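Keep in mind that this is a model prediction, so the values were computed, not measured. Proteins get letters first, then strands, A, B, ... in listed order; numbering begins at 1 in each.
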Amino acid sequence: MNYWLMKSEPDTFGIDHLAARPNQTEPWDGVRNFQVRNWLRDDMKVGDLAFFYHSSCKIPGITGIVKIIKAGYPDSTAFDPASKYFDPRSTEAKPLWYRVDVKLVKKFAEMITLQQLRAVPALQSMRLLERGSRLSITPVTAKEWETILKLAA
DNA sequence: GCCAACGTTGGC
DNA sequence: GCCAACGTTGGC
């Protein structure tokens, strides 16, 4: 089983949006980066857990945990000319982009801020914290996962 | 709003 | 296949 960190802008789709969804479930679509696409398509499995991260906001940080409840399948927003994620290179016969479905597991009482994460020596090599890291989904090691969970306690 | 970092595009 | 230009991300 793998661990992940998934970024979202709280103004667009934050953890409270997810909490308000029927079944607290949502397709994670709109990813248009090949590296992340490969993880979505090949590596994110049912039962994997991910931190839900708020980015591009006043206080960025981890706000909770979600679970992958459906593994990679074609992102149909790429087929829809009306969607802002439309990509004519992707077809139903040969899909280019993928998504997974996530379900809310837990919203933290207190957000773990990016600033807090940076201050933890055990997290220095975390993918998220790498210089210039911009990927909307990044892998998290089991060790990092445990370390961060303790911060949430 | 600025700007560093970096992925993608497209001309050659 | 190189690489400059461009666009986007995202923290500050």
Let me check something: any side-chain donor-acceptor pairs from residues 96-104 of chain A under 3.5 Å, sequence neighbours excluded? List them with distances.
| from | atom 1 | to | atom 2 | distance (Å) |
| --- | --- | --- | --- | --- |
| A/Trp97 | NE1 | A/Asp87 | OD2 | 2.8 |
| A/Arg99 | NE | A/Tyr73 | OH | 3.3 |
| A/Arg99 | NH1 | A/Asp29 | OD2 | 3.4 |
| A/Arg99 | NH2 | A/Ser76 | OG | 3.0 |
| A/Asp101 | OD1 | A/Tyr73 | OH | 2.5 |
| A/Asp101 | OD2 | A/Tyr73 | OH | 3.4 |
| A/Lys103 | NZ | A/Asn23 | O | 3.0 |

Using atom types as modelled, flag every donor-acceptor pair under 3.5 Å from a side chain in residues 7-16 of chain A to any protein atom, sequence neighbours excluded.
| from | atom 1 | to | atom 2 | distance (Å) |
| --- | --- | --- | --- | --- |
| A/Lys7 | NZ | A/Leu135 | O | 3.3 |
| A/Ser8 | OG | A/Phe13 | O | 2.6 |
| A/Asp16 | OD1 | A/Lys107 | NZ | 2.9 |

field: Cluster companions of A/Ile59 among Ile, Leu, Val, Met, Phe, Trp, Tyr (side-chain spacing under 4.5 Å)
entry: A/Met111
query: According to the side-chain hydrogen bond (donor to acceptor under 3.5 Å, both in side chains) rule, which pairs have a member within residues 52-62 of chain A, sequence neighbours left out?
result: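 Applying side-chain hydrogen bond (donor to acceptor under 3.5 Å, both in side chains) to every pair that reaches into residues 52-62 of chain A, excluding sequence neighbours, yields nothing.
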task: Would you mind listing every side-chain hydrogen bond (donor to acceptor under 3.5 Å, both in side chains) that reaches into residues 143-153 of chain A, with sequence neighbours excluded?
output: A/Thr141-A/Glu144
message: Walk along nucleotides 1-11 of chain C from 5' to 3' and tag each nucleotide B, S or - by protein heavy-atom contact under 4.0 Å, base first, then sugar-phosphate.
response: ------BBBBS
task: Report which part of the nucleic acid A/Arg89 touches: base, sugar-phosphate, or nothing (heavy-atom distance under 4.0 Å, all strands).
output: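 Sugar-phosphate contact only - A/Arg89 comes under 4.0 Å of backbone atoms but never of a base.
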